[in-house]
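Taking it in order: structure first as structure tokens, then the write-up.
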Amino acid sequence: MAPTASLAQQAPAPHSGAPLARRAATALAAALVLGAAAAPAAYAAAPGSPSAAAKKLPDGLYGTKDPQYDGVWRQSLALLAQHTVGVRPAASGVRWLVGQQCADGAFTAYRAEPGKPCAAKAMRDTNQTAAAVQALAALGGHGGAVDKAVGWLKSVQNDDGSWSSMPGSPGDANSTSVVIGALAAAGQKPASVTSKKHKTPYDGLLTFRLGCAGKEDAHGAFTFQLKGAAPNADATAAAATGVLGKGFVVAPAGRGAHTPVTPPACKDGKDKKAGPVSAAQAADGGAAYLVAQLDKNGQHLLSAMPGAKPQPDVGNTADAVVALAAGGHGAEARRPLAWLQKNAANWARQSGPAGYAQLVLAAHATGSDPRSFGGTDLVTALNATGPEPAAVSGAHVQDAKDDDGGIPWWIIGVGLAFGAGLGFLLSGRKRGGR
């Protein structure tokens, strides 16, 4: 959806899923990318920059943390999740997002003074832009903004068909997947969007597929980037969704629908099938890798910061749920969903609007009720992070302002390390490891 939660080697600008703050000084960005869920990772905090407490947050913005790195990302996810479950967002929240767009159609992570033109050196971000496209396209009534944003995204496509979070850099699986979702949401056919060398977004995305390379337990996985290629669960979740032409919102297929997970047929490190691998086969292979990782870890994925033991990665697990649901693997998606229902509520409180939105979208993709998610009303909690919605449908079971007692130690660590709203985006931007 997610976030990503997008950082270390080139500091992309938000997701996944991993999901995200980008180069908080290059070293910090690298650490963040290996950590939990988050936001766009393409920007570094300027020395001496004011803290969130010292800033007056603008009207209409979701969340209370400093929006410097993930403002557009968390706003887009919040608005999209609300719309998906029948909540009509406040007009002020939508206006804030529209007002963040640059004249060329791109979005940066955050513009403190939207009345001023975007500086030529402002770090435009494909992840933030693609997230905004998905939100504004769903809400409707913003065709001009959507068209300009899509036009800008097309203009920064890499020759191999991929995208990076920061235009001009080598592509990555997460950014390419988020843009595919944006193109589809805007009514485009991603397969018809070609680079100067006539490569499609799917061509670009499949370059990150490891397929049968490496160890058997990595078969089907995707890598984040080609440089230093290694199996990456976050990149795999993003790619398994994107290669099917789907974005953050995946329509539930129904609890009775189920497509078996099919690992790639491998022999001597290569796919047995002659010729190119289809999108469905690539998605199935990615799903098989995710299921193997989930089964090994107790139905959640792991994240590790340098020098620290691997910890449960809530945002990345939610991404995996969406990816499995996108492929029609309902039974496999519901197992990690059950883990999220038991363990994710306090993480979402720490993460803020993007975290709540990510869980709402995971629940939606599996046909589950986000208003009764392990005893938490995710919709009410999400609504409470921003301006009062214009209209709300459905009931809630719990007040979003409950205390934070009983937060597991690993959730506290993730919350302090990444802050609110970074979960979805940064989790989607993690580079290495499984």
Side-chain angles (χ1 to χ4, degrees), residues 1-8 15-20 29-39 41 173-174 210 214-224 228-241 286-324 332-333 335-348 350-351 355 358-359 362 407-418 422-434:
M1 136 197 218
T4 154
S6 299
L7 318 162
H15 341 196
S16 156
L20 0 47
L32 289 179
V33 93
L34 292 173
N174 294 82
L210 298 179
K215 297 180 180 180
E216 183 175 353
D217 65 353
H219 289 174
F222 283 72
T223 184
F224 178 79
N232 186 300
D234 183 65
T236 302
T241 304
Y289 171 76
L290 291 172
V291 168
Q293 296 301 306
L294 291 163
D295 287 348
K296 181 173 70 174
N297 298 318
Q299 296 309 313
H300 62 269
L301 297 174
L302 295 176
S303 173
M305 295 179 67
K309 293 182 179 180
Q311 308 297 339
D313 188 329
V314 181
N316 203 356
T317 301
D319 285 347
V321 169
V322 173
L324 293 171
E332 287 81 1
R335 292 199 295 269
L337 181 76
W339 184 89
L340 289 171
Q341 289 171 327
K342 294 178 181 178
N343 296 281
N346 287 320
W347 168 84
Q350 294 285 324
S351 298
Q358 191 171 5
L359 295 178
I407 301 177
W409 65 269
W410 56 267
I411 290 180
I412 294 175
V414 169
L416 294 176
F418 301 101
L422 291 187
F424 190 55
L425 185 51
L426 281 185
S427 70
R429 306 300 171 252
K430 297 181 249 178
R431 303 293 197 263
R434 287 184 263 171

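If you're wondering where the values come from, they're calculated on a predicted model, not measured in any experiment. By convention here, the first residue in the shown sequence is residue 1.
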If you apply the rule side-chain contact (heavy atoms from CB on, under 4.5 Å), what do you find for Tyr289 with Leu210, and how did you get there? CA-CA 11 Å; Tyr289 171 76; Leu210 298 179; over 6 Å; no

Could you walk me through whether Trp339 and Val314 pass the side-chain contact (heavy atoms from CB on, under 4.5 Å) test, one step at a time? CA-CA 9 Å; Trp339 184 89; Val314 181; 4.1 Å; yes

Hydrogens and angles aside, do Gln293 and Asp217 bring a side-chain donor and acceptor to less than 3.5 Å of each other?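 Absent: no donor and acceptor within the cut-off.
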
Distance-only side-chain donor-acceptor flag, Asn346 / Gln350, under 3.5 Å: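 Their side chains do not contain a donor-acceptor pair, so the 3.5 Å distance test is not met.
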
Candidate pair Gln358 and Val322, rule side-chain contact (heavy atoms from CB on, under 4.5 Å), full reasoning: CA-CA 9 Å; Gln358 191 171 5; Val322 173; over 6 Å; no

Check: [X] side chain, [Y] main-chain N or O, donor-acceptor pair, under 3.5 Å:
| X | Y | result |
| --- | --- | --- |
| Gln299 | Asn297 | no |
| Thr223 | Pro231 | no |
| Thr236 | Phe222 | yes |

Out of curiosity, Thr317 OG1 to Leu302 CG, how far, rounded to the nearest 0.5 Å?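 The OG1 atom of Thr317 sits 8.0 Å away from the CG atom of Leu302.
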
Euclidean distance, Gln311 CD relative to Leu301 CG, rounded to 0.5 Å: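 Leu301 atom CG to Gln311 atom CD measures 14.0 Å (nearest 0.5 Å).
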
What's the shortest heavy-atom distance between [X] and [Y], and which atoms?
| X | Y | result |
| --- | --- | --- |
| Ala318 | Leu359 | CB-CD2, 4.3 Å |
| Ala323 | Leu290 | CB-CD1, 4.0 Å |
| Leu324 | Ala287 | CD2-CB, 3.7 Å |

Taking the side chain as everything from C-beta on, heavy atoms only, tell me whether Asp295 gets closer than 4.5 Å to Arg335.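 Side chain of Asp295 against side chain of Arg335, heavy atoms only: contact under 4.5 Å found.
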
Test side chain to side chain contact (heavy atoms under 4.5 Å, CB included) applied to Ala292 - qualifying residues, sequence neighbours left out: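 Scan of Ala292 (side chain to side chain contact (heavy atoms under 4.5 Å, CB included), adjacent residues dropped) gives none.
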
Show the numbers, then the answer: is there a side-chain contact (heavy atoms from CB on, under 4.5 Å) between Asp234 and Asp319? CA-CA 7 Å; Asp234 183 65; Asp319 285 347; 3.3 Å; yes

